[in-house]
Each structure stands twice: as C-alpha cells, then as structure tokens.
Amino acid sequence: RRDGPRAGVFRRGPRRGSSRPGHLAVDAAAGRVYAADAGAGRVLVFSLDGAPVAAWRDVGVPAGIAVEAAGTVLVADAAGGRIDRYDRDGNRMARWQAVPAEPGGSLVGGLDTGPDGRIYAVLPRAAELAVFSPTGQRTATIRIAPPGAATWAVDVDVDPDPRGQAADLVWLASSRGLLLYEPAREAWTVNPVGADLAAVAIERAVGVHIAFHGVPPTGGRVLRLPHATAAASGAGRSWSGSMLSVGSLVGPEAVTWGLD
C-alpha cells in the first residue's frame, strides 16, 4: 500500500529448481503482475490478488521486464543480451539483440518504456542506457557516467518531464544511489541516498520509490522520496519490517507501482 504496510503476499507456488524472483511489472488493465524469475529461468504471471496464472519458460535468464501500452510484455535476457516481446499469453512476437552475447551475464538489466513507445534498457556491464524504437532499432546510447566514481546501474524508470518539456526524465537505481538523467541538458544528478540500490519506480503523484538489497543486520527496505526533490539528498518515507524479517533474504530486487 502507499503508506507502507503490505496489502498482500505473492507466492510462487510449488518450487521447481532454483528460484529467484526479481524485477516486476504490472498490467492493471489485464489484471496481471509479471515477475522475472532469473533463478529458474522463467517469467511468473499472477493476478492482482496474487493467484498464480502462468509460468513462461524458454525466456533465458530474465532480468528487466516491462509492459507496453498495448499490453505486450518486454523481457530482457541478462545472459543472452536479448530483448523479447511477448503477448499476454506468453507467445514470443519479436526478438532483437540488445548487445552481443558473451559469457558472464548481466548484459541487460532493467527495462522501461517512454510515453512515445521508446524502450529503455540498462546495460550494466557496458555502463550504458540503450534506447530502442518500438520495432527494436537502437536509436540512442547514453553513457551512464555521472560525475565521480564508476557506477553500476541495474534498473531504470522513465516518466514525462513534469515541467512540460519534450524530453523524458530518466531515473536509475545504481551502486552509487539514485541517478537522474535529463536528456535535454545531457545532465546527471546523483542522490547518494544509499549504496547498491536494487530498483526504482516512479509515480509522480506519490513519489519516487527505491528498493535496497537486504544486507544483514539491516534487511531489505523501500524508501519513498517526494518527486519534486528526489534528485537531491534528503529524508523520505521508509519501511522494511512490513516486508521481510531482518537478515532473512537478500532483497528486494525490484519495485513497481499500481494504478490504485
């Protein structure tokens, strides 16, 4: 819920293999939640009340996941360096190579779509944010290079510029904290709110949500910052005890928001 306490728990059902659910995406129109399960190489599909709907396999090592305006689902394969588009039933509609495949993984991370349908993909090992057309052609490459030390980015969220400009604001969760990139100015801002962020999700009326990995003895947590001041250092609304027991897991690894 918006005030922090959880309103429900999603369980993955019978365990089959090594399971590690991570990035999430919500399709409110279809009443579905999609979870990228990298540990078991599948995408888990749930109803909005947490009931299992389906498990898509043959998806490589799924990392980022995003729902497009038409309800199609984008899945990034961290091992293969690919992005696949699926319909709501899990049928692959398109595939393109985001980066050349090579051993080591972490080739593609978080995904999001802009208001014009462009697709944004974090390339962690390349330290780049790749921008693709809806048909999969790379149209831009943004070097993730804010001032200071090297940065490892893992997730991205794009929202229209609240000042009414044509460019989008691009937020990234990274090893150095919350990053804001303004394409119109080619400018970076770093909010050193904490190290090793796991995910970021934006809902302007509510705020900027960032997830931190659980590191004992503190455990995982989610922090909400006001949208207008999220790029600057400052306190926000934090919760953790309602999500997990301290030290019980390393997570969360993703965060997203629903229309309610």
So, do [X] and [Y] sit near enough that their side-chain heavy atoms are less than 4.5 Å apart?
X: Y181; Y: V156; answer: no
X: I144; Y: S174; answer: no
X: V122; Y: D155; answer: no

Please find the pair of heavy atoms, one from [X] and one from [Y], that lie closest to each other, and give the distance.
X: A76; Y: V108; result: CB-CG1, 3.4 Å
X: D112; Y: A66; result: CA-CB, 4.1 Å
X: A78; Y: A63; result: CB-CB, 3.9 Å
X: A55; Y: L44; result: CB-CD2, 4.1 Å
X: L107; Y: P100; result: CD1-O, 4.0 Å
X: P62; Y: A38; result: O-CB, 3.4 Å

side-chain hydrogen bond (donor to acceptor under 3.5 Å, both in side chains) involving [X] - partner list, sequence neighbours excluded:
X: Q137; answer: S133, T135
X: D58; answer: none
X: R95; answer: D84

key: Verdict with supporting geometry, L172 and W188, side-chain contact (heavy atoms from CB on, under 4.5 Å)   = CA-CA 11 Å; L172 296 103; W188 289 94; 3.7 Å; yes
Verify the cluster assignment for [X] and [Y]: are they in a single hydrophobic cluster under the rule of side-chain heavy atoms below 4.5 Å apart?
X: V170; Y: V154; result: no
X: V73; Y: V45; result: yes
X: L111; Y: Y120; result: no
X: V193; Y: V200; result: yes
X: I65; Y: V26; result: no

Whether the side chain of [X] engages the backbone of [Y] through a donor-acceptor N/O pair (distance < 3.5 Å, no angle test) should be reported.
X: D87; Y: D89; result: yes
X: R118; Y: T139; result: no
X: D157; Y: I202; result: yes

note = For Y34, the ring pair (Phe, Tyr, Trp, His ring centres under 6.0 Å) test, sequence neighbours excluded, returns W56
task = For V99 and R138, run side-chain contact (heavy atoms from CB on, under 4.5 Å): C-alpha distance rounded to whole Å, both residues' side-chain angles, the deciding distance at 0.1 Å, then the answer.
result = CA-CA 10 Å; V99 293; R138 192 188 288 210; 3.8 Å; yes
Atom pairs and distances, donor-acceptor, side-chain atoms in residues 123-132, under 3.5 Å, two or more places apart:
from, atom 1, to, atom 2, distance (Å)
R125, NH1, P103, O, 2.9
R125, NH1, G105, O, 2.9
R125, NH2, E102, OE1, 2.8
R125, NH2, P103, O, 3.3

ask   = Between D37 and R42, is there a salt bridge with N-O shorter than 4.0 Å?
value = yes
ask   = Checking side-chain contact (heavy atoms from CB on, under 4.5 Å) against W171, which of V158, I210, D159 comes through?
value = D159
request  = Evaluate the side-chain contact (heavy atoms from CB on, under 4.5 Å) criterion for residues L223 and L225: first the C-alpha distance (whole Å), next the side-chain angles of each, then the deciding distance (0.1 Å), finally the verdict.
outcome  = CA-CA 7 Å; L223 176 68; L225 299 167; 4.0 Å; yes
message = Per the side-chain hydrogen bond (donor to acceptor under 3.5 Å, both in side chains) rule, what does the pair list look like for residues 65-82, sequence neighbours excluded?
response = E68-T72, E68-R85, D77-R82
Atom pair CG (L178) and CG (N191), whose distance is rounded to the nearest 0.5 Å = 5.5 Å
task = Take V43 and Y86 through the side-chain contact (heavy atoms from CB on, under 4.5 Å) test and state the conclusion after the steps.
result = CA-CA 11 Å; V43 170; Y86 298 87; over 6 Å; no
